[in-house]
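Only one structure is covered here, and it is reproduced in the block below.
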Amino acid sequence: MLNLKFIQDNPELVVEKLKRKNFDASEIVAQIIELYQQKNKLQGQADQAKAEMNKISKEIGMMFKDGKHEEANAAKERTSELKENIKQYDTDFAAIEDKVYQLQVQLPNMPSDLVPAGRGADDNEIVKTGGEKPALQAEALPHWELAAKYNLIDFELGVKLTGAGFPVYRGKGAQLQRALINFFLAEATKAGYEEIQPPLMVNEDSGFGTGQLPDKEGQMYHVTEDNLYLIPTAEVPVTNIYRDVILDSKDLPYKNTAYSACFRREAGSYGKDVRGLNRLHQFDKVEIVQIAHPDKSYETLDQMVAHVEGLVQKLGLPYRILRLCGGDMSFTSALTYDFEVYSAAQEKWLEVSSVSNFEAFQANRLKLRYREDGVKKPQIAHTLNGSALALPRIVAALLENNQTPEGIKIPEALVPFTGFEMIN
RNA sequence: GGAGAGAUGGCAGAGUGGUCGAUUGCGGCGGUCUUGAAAACCGUUGUACCGAGAGGUACCGGGGGUUCGAAUCCCUCUCUCUCCGCCA
């Protein structure tokens, strides 16, 4: 959510910047400014009326105290009209405020100047490529066949237990999952992130705070009986730790990491692109979150990107880093880097991480602020997060890229966590 | 699931219709004192919006109502806690 005052003070800038997200904001911005002025005028009138009312009420109180009952009753008569007016002002005010809000939430976050122009995935900028694509023999198998061959993942069993998109990991498959989680958490801890074990369900306020609600309601599993939502990412509970808080600037940045299962309904997305582990309703992910000072948030973003890069490097996966173009980035992001790893048997790049700076967009909703030494008014902080990493596609790439006639080789960095070097 | 209690400022905790945005204590900040620190003492210490400013308005879990006037009374919703039951 963009700040109202900012929109009011910089209407052209907002419109101009949002063009890069292929969003025409001119109409909405104009309406917001118009309504904002009405709102302020109304507030002035309402406040004045209320001030008068408060004054009279106090006077009446004193009169009663002094035993001047007749005067007091006379004064009461003056209040009825004021009362009516105030009621009207309040109703109108609330209506305008609501309208402004409805418009305000339609505006996406402004992209950073680094964001390339573009419409879709093809326009993303490849900022870096690393690692070596493996040379597989001709009969290399896709990961879902490898998973079956070595009894690592049972997709059909998941269907029996729950439904499509809920695989069952077993044996070394399950152990590999656990090893990856521990490896990612260990790396994050080493990098100074405090580990969090968050609830896997959140309430409406939290869903709203990070922007899943009200718009993306359909993407989350909703437990209607208790009105709770299964989290689509640990970002939701972890970032909401900082909802409605005022931090001390000298404590910034706050760094948290969390492993969680993630639940996504992904309604309607079935087909050949979603085979195997490519897209699931439940998957595991380690997330990193930072709350940063606005002056430092891009530095922070670079650090987070470097952290994620370190992970894919240690796993020995061929990867590339994309800077998302205006048309492909999310509604809430100001700058996003996607990580893709190459899954050699599918011959496909798979997205395994998305690292974003939301600047003040989420923090505005969250009312997440910090106080600068000696400055009275709290300022809005910046929020960032990234996957570090999402497991399924990492597993897919590991299985496919590391397959040999003897079995699947575990990357060296992971062996201390798996306890085995080979799946065979 | 049954019974009860409660929700007030960073925390603790007063306040049952009127100068209450809210007593007090703790914590925080500033100062006096001290070689330094502690103690003691003095002062200060919420957020949002409007306003050039003076200042004004709103907020005592959310919403609604009664009243000239509500933290205080009424209705309603939500949440939390305690005890019992069940259970990991």
Side-chain angles (χ1 to χ4, degrees), chain A residues 1-9 32-101 103-105 197 199-209 213-214 222-229 237 240-252 254 291 360 363-381:
Chain A
M1 194 159 67
L2 294 177
N3 183 274
L4 263 190
K5 215 166 217 164
F6 183 84
I7 299 171
Q8 160 91 2
D9 294 342
I32 286 178
I33 288 174
E34 163 77 22
L35 286 167
Y36 190 68
Q37 278 158 3
Q38 280 181 39
K39 178 180 90 86
N40 289 350
K41 193 175 157 210
L42 209 52
Q43 183 175 349
Q45 292 170 323
D47 283 359
Q48 203 183 343
K50 285 177 187 174
E52 197 177 340
M53 190 67 153
N54 288 343
K55 188 166 154 254
I56 293 174
S57 293
K58 269 184 189 170
E59 284 167 4
I60 291 174
M62 304 240 242
M63 288 174 195
F64 275 122
K65 215 176 214 169
D66 297 342
K68 301 177 189 162
H69 288 83
E70 266 175 48
E71 274 182 58
N73 284 322
K76 275 191 198 178
E77 282 169 26
R78 284 194 287 141
T79 62
S80 62
E81 194 190 340
L82 262 179
K83 223 177 160 180
E84 287 286 304
N85 290 344
I86 288 172
K87 206 165 201 172
Q88 191 58 50
Y89 285 139
D90 281 347
T91 311
D92 294 351
F93 185 80
I96 289 188
E97 235 185 2
D98 185 60
K99 267 195 217 162
V100 171
Y101 174 76
L103 291 167
Q104 194 184 356
V105 295
Q197 252 192 52
L200 301 182
M201 291 195 238
V202 292
N203 58 28
E204 253 179 298
D205 284 348
S206 295
F208 177 83
L213 294 175
H222 187 192
V223 182
T224 51
E225 182 85 23
D226 299 290
N227 198 26
L228 296 172
Y229 295 86
N240 271 282
I241 291 173
Y242 304 96
R243 167 156 50 87
D244 275 319
V245 300
I246 301 175
L247 305 168
D248 197 322
S249 70
K250 65 175 183 287
D251 295 331
L252 296 174
Y254 279 76
I291 312 300
N364 244 320
R365 280 186 171 228
L366 291 160
K367 297 194 175 70
L368 195 191
R369 291 162 292 177
Y370 68 95
R371 204 188 300 275
E372 201 84 65
D373 232 18
V375 180
K376 190 157 186 317
K377 196 173 164 61
Q379 310 291 315
I380 298 288

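Only a predicted model underlies this, so the values are computations on that prediction, with no experimental measurement involved. Just so we're on the same page: letters track the sequence lines, and every chain starts at 1.
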Its contact letters, B for base, S for sugar-phosphate only and - for none at protein heavy atoms under 4.0 Å, make nucleotides 52-71 of chain B read ----BSS---------BS--

Distance, [atom1] atom - from [M] to [N], rounded to whole angstrom:
N     : M     : atom1 : value
B/A58 : B/G21 : P     : 10 Å
B/A14 : B/A7  : C1'   : 15 Å
B/U24 : B/C42 : P     : 13 Å
B/G43 : B/U35 : P     : 25 Å
B/U72 : B/U67 : P     : 16 Å
B/G18 : B/G13 : P     : 25 Å
B/C33 : B/A39 : C1'   : 11 Å
B/G9  : B/G61 : P     : 8 Å

Round to the nearest Å and state the distance from [X] atom [atom1] to [N] atom [atom2].
X        : N     : atom1 : atom2 : answer
A/Asp92  : B/C50 : CG    : P     : 18 Å
A/Ile96  : B/C50 : CD1   : P     : 14 Å
A/Lys376 : B/G30 : NZ    : P     : 16 Å
A/Leu368 : B/A48 : CG    : P     : 13 Å
A/Ile7   : B/C49 : CD1   : C1'   : 16 Å
A/Asn203 : B/C77 : CG    : C1'   : 15 Å
A/Ile246 : B/U45 : CD1   : C1'   : 13 Å
A/Gln379 : B/U47 : CD    : P     : 12 Å

Under a 3.5 Å cut-off for both distances, is [N] Watson-Crick or wobble paired, and to whom?
N     : result
B/C29 : B/G43
B/C86 : none
B/A71 : none
B/A22 : none
B/A14 : none
B/G6  : B/C79
B/G36 : none
B/G51 : none

Please confirm whether the backbone N or O of [Y] pairs with a side-chain atom of [X], one donor and one acceptor, at under 3.5 Å?
X        : Y        : value
A/Glu81  : A/Thr79  : no
A/Asn364 : A/Met1   : yes
A/Arg369 : A/Leu247 : no

message = Can you see if the side chain of A/Arg371 gets near the phosphate of B/G46 - specifically, an N or O under 4.0 Å from OP1 or OP2?
response = no

Side-chain N,O (A/Arg369) to OP1/OP2 (B/A48) below 4.0 Å: yes

| message | Is it true that A/Ser206 and A/Arg243 share a donor-acceptor pair across their side chains at a distance under 3.5 Å? | response | yes

Worksheet item: Would you say the side-chain atoms of A/Gln88 and A/Glu84 include a donor-acceptor pair closer than 3.5 Å?
Response: no

message = salt bridge (Lys or Arg N to Asp or Glu O under 4.0 Å), that's the test. Do A/Asp98 and A/Lys39 meet it? Break it down for me.
response = CA-CA 10 Å; A/Asp98 185 60; A/Lys39 178 180 90 86; over 6 Å; no

Give one of base, sugar-phosphate or nothing for A/Phe93, where a contact means two heavy atoms less than 4.0 Å apart. nothing

### Query
When all nucleic acid strands are considered with a 4.0 Å heavy-atom cut-off, which category describes A/Lys377: base, sugar-phosphate, or nothing?
sugar-phosphate

Surrounding [atom1] of [X] (heavy atoms of other residues, nucleotides or ligands, distance under 6.0 Å), is the total greater than 12?
X        : atom1 : result
A/Asp373 : CG    : no
A/Met201 : CE    : no
A/Glu372 : CD    : yes

